[in-house]
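What follows is a structure written as structure tokens; I'll ask about it next.
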Amino acid sequence: MYAKVIVDVPARPTNRAFDYSIPEHMRELVAVGSRVGVPFGPRTVQGFVVELHPGTQLDPSKVKPIKTAMDLQPPLTEELVKLASWISRTYLCHEVTALQAMIPGALKAKYERHVKAAEPGASGLLPLLLPGQEEILAYVRRQETVELQSLMDKFADDAGLVKGLLDEGFLVEIQMVKDRMSAKKALTVFAPEDPSQLEAWLGELPAKAAKQREVLEHFIRQPEPMKLTDLLTELNLSAGSVKALADRGWLRIEEVEVQRDPYASRSFKPTSPLPLTPEQAGVYERIRDAVLSERQRVFLLHGVTGSGKTEVYLQSIQTCLDQGREAIVLVPEIALTPQMVERFKGRFGNRVAVLHSRLSHGERYDEWRKIARREVSVVIGARSAIFAPFTKIGLIIIDEEHETTYKQEESPKYHARDVAIARAAEHGASVILGSATPSLESMYRTTNEAAAAATPERPAFELLSMPSRVEGRPLPPVRIIDMREELKNGNRSMFSRDLYKAIEERLHKKEQIVLLLNRRGYATFVMCRTCGYVADCPHCDISLTYHQSSRAIRCHYCGYAERELSLCPDCGSEHIRHFGTGTQRVEEELAKLFPGIRVIRMDVDTTTEKGSHEKWLTMFGNRQADVLLGTQMVAKGLDFPYVTLVGALAADSVLNLPDFRAAERTFQLLTQVAGRAGRHQLPGEVYVQTYTPEHYSIVSASRHDYMGFMRKEMMMRRLHNYPPFHRLVLITLSHEQVQLLIRSGEVLAARLKELAEDRRDQGVELEVLGPVASPISRIKDRYRFQCMIKYRGDQDIAQIVEQAASVLEDAVKTQKLTVSIDVDPQLLM
DNA sequence: AGCACGCCGACT
DNA sequence: GTCGGCGTGCTC
Ligand SMILES: [Zn+2]
Ligand SMILES: [Zn+2]
């Protein structure tokens, strides 16, 4: 038997399967999707088995055997292996990178090189050792095996001697491929199955063995096995007494694999399906029928905030589970709060696994294993949960589908929405894309125009709408405030007079306020007030940001840091201003304007600590503060019944960015934050401060008019050939020398145009923009240039891009040029 | 990506 | 004459 293996060497020439023979004793352990250790040239690397064959095309004597089988059960299903290949072709990444993205971090390869001393005389030579080598050899003999790196470190001055010992065979190398996961084991105490036995033994105990008595009594009360550490703390004992009982053979202590359940300590109130409104019921029935049909269907569910999408999700999942199939729910990381988890655990109990980045390696692995072992049938998680190794998926839900976090910024640069659709095709599953502000890309695919161009790979979407709020409360009125007028009237503060009054009123009535400040345009920086000098990173084309906590200024891209300045390096002035985050400034101003105001500030500075995000929200929910002030992150999350005022302080700060999605982002953010006000009994109000009050994204958001915004924005996009009408591929090149970079960029652009021209008769038509300098033109001393390709979405141009990029292969190899390809980029940086 | 093999400059 | 520089090419 032979296995085709994708090796863990992410490079162009190795981006293909290599054949290995499967030793007889490994037959049972090697399957499609297993990880294996294989010899690759002079070293040993990890690989993924992607195919099994009875024979090989190669000269069998050239084929080496697999060295180690790393899994008892393959961590990837055949479907996921196939999906990895699709991802690598679609997003132009190495296949192994796609495979790696599908397994939990704990299983990522770790390479260790160990050495041991050769058997004496094995080399057949009299040991002709250099001075010092004998010492090294003796050290290794004492340790039996030593990790090569630690040996090199220990004898750092004589690294050459170590190398010599290796070359001459006095030391032999053992290469190991490991993963970071050693299943966590805990000593567990077991009582005999017959509890009456324990009572009998109780009598046999010497009177003074009080502690041992306690242990036996415990197991009479609770015969279930218990972790030793838990037992010791509960009964306040030392291990000796338990050990003594085990020595008598009365109790058994064994190492048992533990599963960490991060939610074990929480109890979830079981909930039952709620009655649906006619609107919800109509939507639910469409989804139910699709799930039951077991065919791929994609729904775009446009539901205003508060329209009760979650209940529709829950009941649709129930349908899917009743059918014996599984469900995946994706939620933006920031919205994956305990409250959100609770809604799913409350309904489906321990059939739910939760995957998110705040779990430790081990916790994540445990949740993942519950999925792999089919102990659960629902997964809720952030982007990468789309790779849950289920085998019978019936439903995939992507909540807040417009969120950019569903696009991975590192390779593989996949979009979870597209991966979901690909998996749904394979499983005959339905996909629900839910949002109050659907992305234009998704909306476009519900149109007749898109339906006409639909392919199995890019199916049309079906639009479902939930335009009314469940509790019937209207969306809050939104007031646009023209900050130019304020300026004219001499108000230079961040608060307009109207917003000021509104805040004052809420404070008086003891109601709560949410204030939003987009981060862009209010970034932190350091400036000399005398000469205007701004501290820039010496390695990147970006200003340094001020970190109040460490009193340092640092670069967000390369980590370069220096102490805060006291003198201007240019003019020597002492008038240096360290601008904190925008929110920090707002906080200061609030304190000045409203003495005694209680403000919770949520931004990158205050939410880095694990769990802090939730802590602040809980505090605010308990009315321990008057104002919740923050960036994007306050736009999401909980319902706060006492919030009656929402203020967007600089609504247009995103609009000024050179990004064709700026209007869409602005609209989404304003709509989302407006949904925070007046969700319960008390009526709410929203104030939007802006310097561009006439902009359609702001006007439409103030009217809660998604369709109006969407039509206008569609027109703009069509006019400029932007997505969703055309698709984009962004190719970014980086190198230390600008000249080489420009030359490479030009070669690439020319090659792209040439290849497109060659295929003109096959309907290929693409526009190549650039090369131009990237918006951030230098990072870590490397300059960056980019080419943008625009093309009609019905073409498959991946192969052309791939081929064109290969002309740079030489420069990549010999000159350290880097090429990064982003298909359907979300950020044009 | 690594790592070995192989062919030219400045050292004992 | 040799040590080591990194260009070139391969890995089942
Ligand atoms: Zn200055
Ligand atoms: Zn930098």
Side-chain angles (χ1 to χ4, degrees), chain A residues 1-24 26-27 30-32 34-70 81 84-85 88 92-101 108-115 130 147-149 152 158-169 171-178 410-412 734-737 740 782 802 805-821:
Chain A
M1 244 342 199
Y2 294 89
K4 289 204 176 291
V5 174
I6 302 285
V7 292
D8 182 20
V9 182
R12 194 160 220 282
T14 49
N15 189 31
R16 61 187 179 87
F18 289 83
D19 288 7
Y20 288 90
S21 62
I22 306 173
E24 194 56 44
M26 276 185 209
R27 282 286 166 83
V30 175
V32 170
S34 331
R35 296 172 307 149
V36 288
V38 291
F40 196 64
R43 63 216 166 106
T44 301
V45 298
Q46 192 196 63
F48 290 85
V49 176
V50 293
E51 280 173 49
L52 291 178
H53 292 285
T56 172
Q57 309 275 50
L58 271 65
D59 174 358
S61 66
K62 292 255 169 72
V63 177
K64 296 180 187 173
I66 291 172
K67 216 167 179 177
T68 49
M70 300 179 65
V81 168
S85 155
S88 75
L92 298 172
C93 66
H94 302 124
E95 198 163 337
V96 70
T97 312
L99 289 161
Q100 295 284 18
K108 296 273 152 67
K110 188 182 151 201
Y111 297 98
E112 280 181 7
R113 303 173 67 183
H114 289 243
V115 291
L130 297 168
E147 204 193 324
L148 185 57
Q149 195 54 56
M152 293 289 215
D158 309 299
L161 297 181
V162 177
K163 179 97 172 55
L165 287 168
L166 265 170
D167 288 347
E168 283 159 44
L171 287 178
V172 282
E173 187 175 340
I174 321 157
Q175 287 191 7
M176 299 204 223
V177 184
K178 281 186 167 177
E410 316 87 61
S411 186
S734 81
H735 195 266
E736 287 174 11
Q737 294 161 22
L740 180 119
R782 297 173 66 86
E802 155 93 285
S806 71
V807 301
L808 301 176
E809 196 53 25
D810 255 13
V812 168
K813 181 89 218 209
T814 62
Q815 323 252 17
K816 296 197 173 130
L817 176 77
T818 61
V819 180
S820 149
I821 302 176

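Lettering of chains follows the sequences in order, A, B, ..., and the numbering in each one begins at 1.
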Looking at A:V9, A:I6, A:V96, which hits side chain to side chain contact (heavy atoms under 4.5 Å, CB included) with A:T14?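 When A:V9, A:I6, A:V96 are each tested with A:T14, the side chain to side chain contact (heavy atoms under 4.5 Å, CB included) holds only for A:V9.
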For A:R16, answer base if it contacts any base atom (sugar-phosphate contacts may also be present), sugar-phosphate if it contacts only those atoms, and nothing otherwise; contact means non-hydrogen atoms under 4.0 Å.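 Base, at least one base heavy atom under 4.0 Å.
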Between the base of B:dA1 and the side chain of A:R43, is there a donor-acceptor distance below 3.5 Å? yes
Rounded off to whole Å, could you give me the NZ-to-P distance for the A:K813 and B:dC3 pair? 12 Å
Round to the nearest Å and state the distance from A:K67 atom NZ to C:dC12 atom P. 11 Å
Any base atoms under 4.0 Å from A:P13, or only sugar-phosphate, or nothing? Heavy atoms, all strands. base
Closest to the A:V9 side chain, choosing from C:dT11, B:dA4, B:dA1: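 That would be B:dA1.
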Minimum heavy-atom separation for A:T97 to A:P10, with atom names?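 Looks like OG1-CB, 4.1 Å.
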Between B:dA1 atom P and A:N15 atom CG, what is the distance in whole Å? 12 Å
Using a 4.0 Å heavy-atom cut-off, does A:F40 contact any base of the nucleic acid, only the sugar-phosphate backbone, or nothing at all? base
Roughly how many Å is it from CG in A:L52 to P in C:dC12, rounded to a whole number? 19 Å
When the distance from CE of A:M1 to C1' of C:dC12 is rounded to whole Å, what number comes out?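 Answer to the nearest Å: 17 Å.
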Give A:K4 one of three labels, base, sugar-phosphate or nothing, depending on what nucleic acid heavy atoms sit under 4.0 Å from its own. nothing
Got a second to check how far A:Y2's OH is from A:I66's CD1, nearest 0.5 Å?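 Separation between the atoms: 11.5 Å.
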Between A:H53 (side chain only) and A:G55 (backbone N and O only), is there a donor and an acceptor less than 3.5 Å apart? no
Hey, does the side chain of A:K62 come within less than 4.0 Å of C:dC12's phosphate (OP1/OP2), counting only N and O?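 So the side-chain polar atoms of A:K62 never come under 4.0 Å of the phosphate oxygens OP1 or OP2 of C:dC12.
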